[in-house]
Every structure is written in C-alpha cells, then in structure tokens.
Amino acid sequence: MSIRYNAAEAEPRWRAVWEREQIFRAVERPGAPKYYVLEMFPYPSGKIHIGHGRNYVMGDVVARFKRAQGFNVLHPMGWDAFGMPAENAAMEQKSHPRQWTEANIAAMKEQLRLLGLSIDWSREIATCDPAYYVQQQRIFLKMLNSGLAYRRESSVNWDPVDQTVLANEQVIDGRGWRSGALVETRKLTQWFLRITEFADELLDALKTLDRWPEKVRVMQENWIGRSEGLRFQFRVTNAPRPEAETIDVFTTRPDTIFGASFCALAPDHPVSLALAETDAPLADFIAECRRHGTSEAALETLEKKGFDTGLRVAHPFEEGETLPVYVANFVLMGYGTGAIFGCPAHDQRDLDFARKYKLPVRPVVVPVDVLPSDFEVADEAYTGDGRLANSHFLNGMSIAEAKAAVADRMEGAGIGERQIQFRLRDWGISRQRYWGCPIPVIHCEACGVVPVPEKDLPVRLPDDVTFDAPGNPLDRHPTWKNVACPDCGKPARRETDTMDTFVDSSWYFARFCSPHSDQIVDRAAVDYWLPVDQYIGGVEHAILHLLYARFYTRAMQRFGLVGEAEPFAGLFTQGMITHETYKDAAGHWLFPDEVEKGEDGKAVRKGTDEAVQIGPIEKMSKSKKNVVPPEAVASTYGVDCARWFMLSDTPPERDSEWTQAGVDGAWRFTQRVFRIVSENAADLPPRGAVGPNASSATALELRQATHRAIADVTADLEGFRFNRAVARIYELVNVLNGFKPAAADDKAALREALEALTLLIAPMTPHLAEECWRILGGEKLVALAQWPAADPELIRRDRVTIAVQVNGKRRGEIEIARDADEETVRGAALGLEAVTRAIGDNAIRKVVVVPNRIANIVVGEAKGA
RNA sequence: GCGGACGUGGCGGAACCGGUAGACGCAACGGACUUAAAAUCCGUUUCCCGUCAGGGAGUGAGGGUUCGAGUCCCUCCGUCCGCACCA
C-alpha cells in the first residue's frame, strides 16, 4: 500500500504552527544583515485567481531562502486600495466603494493566507485607510511648500454626457466607453508634481541600478528622453495679430534648417487658438483634432493631417524665403514648444506630411559615398550620417559641426539658444473622482490656495456620497466641500480632486518599515530596512510606477524623511499566468471548471454534450473567465502543488500557461517526495548520530549528487532561475528514487540526502517540507532551519567528457582526466575510430583544444592533392 | 507611429564567457505489477533514410563573422509589453 501525503490536512496545520510561533514577524535588529523582499501590492479587485499568486509565491521563495541564509527578512503585504473599479462597482451594483473594497480585502487576505506566504501580517496597510493617507497628505503639503507641487492648466478627455473625465483606456474609437458620446479635449486646472526637476538625476542614477533588468533601465531612459537641441524663433512675415508675430520652435536637428519646408503648430498651441478665433474652418479642424483624445499612441497612429493657416515665416538664413505655417495633428503641445519646423528629407513624419500637402523635399544631408547631385529622397526619409549639402555656410560639414554652427549663429543673432529638452513631463495627479486620497488644500477667494493646517489632518473622505448623478460626488457634497478658510475664516471650498492612485504606491514600501508610526515614517526604521533588496512585479509597471517611486524617494530624501535616493536595489519583472479560454455556443465565456475535455481534445460543457469552443491562451482575467481559484487547487492537491507548478518549467520572467497536466505533474512530485522520505525514514541512522561518510562507491555517488544539487539550487535561487532549481531537484529525486541503501555508509548518505532535499524544497513547497522535516526528526521547524552548504570536495569532477569534432562537426567523445594537457587530449581524440574515418585522406591543418570542453580537428583537402 | 522584449522537439523549456543542442518536466508509445483499473516502477521518444551499424538535416527566414554560432553582427517575418487618467 502506498503512503499518501494528505495536503488538505497537513497544510492548514503547518500554517497554524507558523502563525502561533509568529516566525515571520520582522523586528529591526541593528547589526544583523537585513533583507527586504517586496512584491508589488495588489489592487483589491475581488477574488484573486491563481494568476495573481505567481508574483507572491516568487517573493515568498526569496523570503524563505534568505531567511534560511541567516538574513533578517522583512516581507510585508498591503493593499493598493483606491481606484476606479470601486467607483464603477458603486455605480453598477449600488455598493459603497469603501464597503466593496473592504470586503474584497477580507476575501483576498484569506486567499493569500491560503498560499502559505511567509508574510508579516502585523505590518498590513491599506492605502484607503486614513492612517495611511494622512501621511500621504503630509508629504503632499511638504511638496507644496517646497514648490514640488503646483497647479496649472492641462488637457483631459471629457465625456460631455457623463460629465466626467475619462482615462485613455475608457476612450474607445474617440467615444466614451459608457455613454458612447464623442470625447472632447477640455482644459482643467490641475495639480502637478515637478518630477522634471529630478529628470537628470533619475536618468543618471539608472546606471547605478545594476540589479534591475537592462530592458527596464532602457525603457526608463527612453521615457525620460533627454535630448540636446536648439530652441529658436521664426519671424512671421504676415502676422494678422500681435500674438502671432513670432513662433518658437525646438529642434534636435538644427543642421537640417536649409531643408525646412514648413512649420507646424500643435492644435492647442496659443497661436493656433488665437487664429481660430477668426477662422472658422481652422476652429473646426482643431475641434476635430480634440476628438482623438490625449493618448500619445492614438495621436501618432493617426493619419498625418494639417491645416494651412496662411501665415508665412521667414527662413532665418535664406534672405527672402518664407515657409508656410500649418496646424498639424501630430504635433504635441506637451513637448518642446508645441511647434516644429519640418524637414521632410530627414524625418519620416515630416516626409509623409510633405507628400500629402505637396511641399518641397530638399535633401541637405548626403551619405559620404554619394554625390549630392545624385542623392534623392523618395518614400523614405534619410536619417543616417553624412555631409551637409544645399546648405550655404554649412556645406561639407558633418552633422555635429553643422548643429554647432547653426546654434552659434542663432545665439549670436539673439534668436535662439541651445536647450536640453526632456520628453518626461511633470506628473499630473488631479483626478476628478471620489475614491482616492483627498488633496489637502482649500481654495479661498481672498487667500488663494490655502494648505489644510496640520491640526485638521487628515482630510477624510466623507462616507455619505451617492453615485446616482454624473460627475464627482465630492463636488456636489455640500457640507464637505464648503468650509471656512483656515486663514481668513470666510467661506471657501475644499479641493474636490483626489490624487492619482500612483501616488499611493509611490511610497508604500517606505511606510512598511514603520506601518503604525504617527509620523510619515520612522527614520530609524527606514534607515534599517530601505532600500528594498528585491522588488518583484509585472513589467507593465516598468516605467510609470517605478519612475514615480524613484521620484518620491528623492523628494522624501530632500525632506529628510529617508536616507536613500533609490527605493529598489533589485528588481525582477515576472510574467503572467495564462490559460485557455472557453466559449459556449452562444458566445458566452465559460470558467474552466464548467468545461470537460474528451479524449479527442474536444470540449463540452460539463455534464452535457453541448460543444464548447476552445479559444486562444490568454492572460488570466475575470472578464474572460479563464481563471482558476486558489481554493480549488488547495482543496484537491494542496497549495504546495500549485506553488511548485508555478515555479516549474517556465522561466519566471516569461508568461506561463496553467494546465491541468502541469498540476498533475506537480502533484505527483509532492507525493513522490513524501513517499521517498517516509519510506526510508524508519531505516535511517538517527539524526546527527553518524556523520556522512563516503567509503562505499554508492554512498559517494549519492553524496556527490546531493552536494551538486545543493550548489546548483542555491545558485539558481540566487539568480531567480526557479525553473532550473526545480529541474535540479527533480534530478536529485530521480537519483534517490533508484537508491537502495546497503551498507551503513549508504544509510548515512541517504539521511544527508533526504535532509538536504527537504531543506532545498522548503522555500518552494514549505508545508510539505515541514512534514518531511518532522518525519526525519528535524528539530524545530524547517522554516527556521539553516540553508545547507555544499562541500566543494564533493562537487569537483575528476574526469570530464569532451566532444571531438572534425571541421566543427561532432564525431565522437572522449572521457579524460580533468585539466588534461593538450597533447593528451589531441592523442585521445585522434585515436577515435570515428574521427580517423571522418578525417580520411585529408591533411590535418590544426587542432583546436579547449580544456575540459572540446577538441576540434581542422582538416584540409586530401594529402598530396 | 515610437520605445522595449521574445522566437529552440508534439508541448513548457535547458544549454555558464562562442565549445557535445534538446537537461528537467509534460504528453505519447512499449513493458512490469494487478482479476481489472488507478497509483507506482522500468524503457523509448528532435526529424528524415536505415533491421542494425551508420549517415544526413536541424534552434522563426535569409545572409555574415569564426576552427566552431541557439549564443555575436546585418536584413526580414511573427508574437507580446509600454506610450503619461487602468492598476
């Protein structure tokens, strides 16, 4: 009869023990090496599915591994609890955002506990808790005082029917997602945080983040987008009104000035707007541009369109030459000056535009090996290197020389200056929504913007709000909105915008260090724990969240709140879990557990013969119902099985598909480990009684396998290669499976191997490991046990197998002493029959020997030929 | 459109620094055990030709560098992520 591991019984039992012993509670121990592991905290959207779990399981493996290595580990969890879904639920289900959110948090917390995560729950925080957001309001006020927070006008997507601002994702084909109304661009006065003040620093410090993925650093670098260029002024020759007498442009290619054939203004450029006042067709064109929303992707994929304003500007160097001025839909007001000059020959966008409006295309940069007279630009702009041509005083110069020459002249003439421009814009944080952190200011007609005094903090969200009317409930809340001015006492009104939820997540990692402090943070605690040693989350946050957090940490450093400028020393971006999708005949999505698959791979609705269509494999999401709840796996297979499966096979940074076959495989593994341990346990020498010895060949082999596994798994966990660690453990288990102890030495070696196996799986399948540890007679808990060390003597291999190639093609292999000299390898290689056959009559030209790796015999044509 | 990544057997993937491609898992097939099934154990499994021996091809496509390329370079194709009010 086989021995079964009853996960459903064992797992809750061990979780109760961990909880009772409070072994995951983090306490600052000055002098002890610390390790702060953090997964990006979840938005409490409802129930979690197994797809959310991967992130936390990876973090938990790191936390448990580092704890075993002797680090004082901080592994906290909290809730990114403000955001739009709570308000959408309020509108659709008549639930209050707070109740909806709190219920979700309670449900999700239970689910996370089920996963067996080694989290210090005493540090739990929720961003919608006034105890959290009061500190966030304090930080905001510090920013306001220091000039890092300010107000200005900016454009938003406006839904005229719902009377609300729309997120870019809520604008679908230019229409509001709920109302279907055509979206307008509207100007609102909004709060901004001056992230651009740190642009250079945020860029430079990327170099120091050597434990971040290269791709994330590159993305941030491009996002910040530092470029050196020239800002200069065009004089308008036929200005109809005073505000249109000059046009300022910014360019990174001043060298191409003689190839300029037009100027283009952003639709909301002040000159465009001024001209539109007396030009109805232009006003219509601008209105049309505004219907395309504010997203960069939408603007850039649009067909390039322009409107000729009739204005002409003088070319700065060509006497008498003028260029037309267009308003163009692809020019962004938010970048540079909101106006450009177009050089079609050397910029693809400008070229498309010029072809459409039949503007001249004059090449001014010519590749060095081409004659200027032969060089033409057809459908593709030339952006490569070359020499200047058709450019008067620039002719013959390199691009760099020409850029400098133009800049010098413009600066000399007082019409331009060199400028460093960033793509990065200041961060607009105003949201016209209820469920967010209130911005703690009061607007007074007499005193202006007045910060809410410290004694009145926090500005709490009122609970008595309704969502039955369009717009922001705070804006129509009479008693909350209307207050006395703290300065002059006259009637004033509260700021009704709330903060972007990205603000909430920009400093929570610091709050976790002292989650119950009545200060923003406790300086001693942040000094001990920060930076986060390992941060784990999805790549989708590679730019915004991580950049905002880096900015906030710098701001907090400026205020003396923290000592570090960089919040995350190590970053890992994990992939999503995917699953097949299913639809019934009517086209409705089905949950995987509503579907049954037959032998032929065809699917039917469970318990019926109704055909189910199997759709593509996609990211697990509630909307497509391709989700698996953790409870379902836990109750039948155990969460360790789910954890093991999530770590197996697929590299952690890649998307991984959840399949029943994979779960079955993981389940077999957990059973197998348990069986090997329990079948052998009784027959082993007592723990610690006999030191492992290697006098028998079988014992030595097992010990070598054990120690290689220890070394490899340690390196793989260290390097975030969980799938490889899993493979190495399978290898050890395969060895153990066939191992029949004979001599006493074998049994001691077997004990060593089983204990090592238990310790190695402990970070990944912690409940199973506790059970095995108990069976093996281990003291205390495996969660508190020390990580095993590999003995270098047992890892070394004395003989190596090296491949022998003839002209790069493998013809055989030789087994030879490690580090054998070249002559020996050469002799052995040439002695192989297959090798001599492959050489045949050819002359040996050279033999390449790479020690312990390969021998390659290079042969030429036949001897004497 | 711009920016970033990825592409290896039937499937997920491994391959450290340019050095035996396919570790490990899944699936499939064959066998053992069993009254039978499940579970378990043993074996085979990149493809093509071949009974074997052996030979040939092969890491999205095409080219290049090298004694040697999955790995480096160029061009192309495909898939995925981000683009500032989703989190």
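Side-chain atoms are counted along with the backbone in the values below, which use heavy atoms only and exclude waters and symmetry mates. Proteins come first, then strands; the chains are lettered A, B, ... in the order of their sequence lines, and each starts at number 1. Nothing here was measured: the structure is a model prediction, and the numbers come from that model.
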Sugar-phosphate or base contact per nucleotide [nucleotides 48-54 of chain B; S, B, -; heavy atom under 4.0 Å]: ------S

Candidate pair A/Asn723 and A/Leu647, rule side-chain contact (heavy atoms from CB on, under 4.5 Å), full reasoning: CA-CA 6 Å; A/Asn723 57 321; A/Leu647 297 163; over 6 Å; no

Sugar-phosphate, base or nothing in reach of A/Gln432, heavy atoms under 4.0 Å: base

Spacing between A/Leu736 atom CG and B/C41 atom P, to the nearest angstrom: 13 Å

Side chain A/Gln421, main chain A/Arg226, donor-acceptor under 3.5 Å: no

Touch class at under 4.0 angstrom, heavy-atom based, for A/Ser430 against every strand present: base

Touch class at under 4.0 angstrom, heavy-atom based, for A/Ile729 against every strand present: nothing

Donor-acceptor pair (no angle test) under 3.5 Å: A/Glu169 side chain, B/C85 base: no

Touch class at under 4.0 angstrom, heavy-atom based, for A/Glu731 against every strand present: sugar-phosphate

Between B/U20 and B/G30 - P atom distance, rounded Å: 35 Å

Spacing of A/Trp435 atom CH2 relative to B/C86 atom P, expressed in whole Å: 19 Å

Side chain A/Thr185, main chain A/Ser155, donor-acceptor under 3.5 Å: no

Check: A/His52 side chain, A/His49 main-chain N or O, donor-acceptor pair, under 3.5 Å: yes

Touch class at under 4.0 angstrom, heavy-atom based, for A/Arg668 against every strand present: sugar-phosphate

Modelled atom types, side-chain donor and acceptor of A/Gln660 and A/Asp664, under 3.5 Å: yes

Sugar-phosphate only, base, or nothing, as touched by A/Arg654 at under 4.0 Å among non-hydrogen atoms: sugar-phosphate

Touch class at under 4.0 angstrom, heavy-atom based, for A/Ala542 against every strand present: nothing

Nucleotide B/C83, atom C1' - distance to NE2 of A/His545 in whole Å: 18 Å

Considering all heavy atoms, the nearest A/Trp667-A/Cys641 contact: N-SG, 3.5 Å

Touch class at under 4.0 angstrom, heavy-atom based, for A/Ser648 against every strand present: nothing

Base B/C16 paired with A/Arg853 side chain (donor-acceptor, <3.5 Å): yes

Atom-pair distance (CG on A/Leu647; C1' on B/G25), nearest Å: 14 Å

Length of the line joining A/Trp191:CH2 and B/C85:C1', which is rounded to integer Å: 18 Å

Check: A/Gln190 side chain, B/C85 base, donor-acceptor under 3.5 Å: yes

Main-chain N/O of A/Tyr434 paired with A/Glu87 side-chain donor or acceptor, under 3.5 Å: yes

Chi-angle category of B/C17 [syn within 90° of 0, anti beyond]: syn

Anti or syn - B/G25, cut at 90° from 0: anti

Beyond-backbone contact of A/Leu547 with A/Arg550, side-chain heavy atoms, under 4.5 angstrom: yes

Check: A/Asp649 side chain, B/G12 base, donor-acceptor under 3.5 Å: yes

Touch class at under 4.0 angstrom, heavy-atom based, for A/Ser45 against every strand present: nothing

Side-chain heavy-atom pair A/Asp649, A/Val726 within 4.5 angstrom cut-off: no

5' precedence on RNA chain B between A/Leu424 and A/Asn734 (nearest-nucleotide basis): A/Asn734

Touch class at under 4.0 angstrom, heavy-atom based, for A/Val156 against every strand present: base

Whole-angstrom distance between B/G78 and B/A84, as gauged at atom C1': 29 Å

Nearest-0.5 Å distance, CG of residue A/Leu474 to CD of residue A/Gln432: 11.0 Å

Sugar-phosphate only, base, or nothing, as touched by A/Pro651 at under 4.0 Å among non-hydrogen atoms: sugar-phosphate

Sugar-phosphate only, base, or nothing, as touched by A/Phe502 at under 4.0 Å among non-hydrogen atoms: base

A/Tyr548, A/Phe198, A/Trp191 screened by ring pair (Phe, Tyr, Trp, His ring centres under 6.0 Å) with A/Trp427, the one that passes: A/Tyr548

Span that lies between the C1' atom of B/C26 and that of B/C81, in whole angstrom: 28 Å

Residues A/Phe669, A/Phe645; criterion ring-ring contact (aromatic ring centres under 6.0 Å, His included); working and verdict: CA-CA 10 Å; A/Phe669 168 80; A/Phe645 174 55; over 10 Å; no

Euclidean distance for C1', B/C11 against B/C16 (whole angstrom): 26 Å

Contact pattern, 5' to 3', of nucleotides 65-82 of chain B - B, S or - by protein heavy atom under 4.0 Å: --BS-------------S

Sugar-phosphate, base or nothing in reach of A/Arg217, heavy atoms under 4.0 Å: nothing

Touch class at under 4.0 angstrom, heavy-atom based, for A/Gly83 against every strand present: sugar-phosphate

Between C1' of B/G13 and CZ of A/Phe645, the distance in whole Å: 13 Å

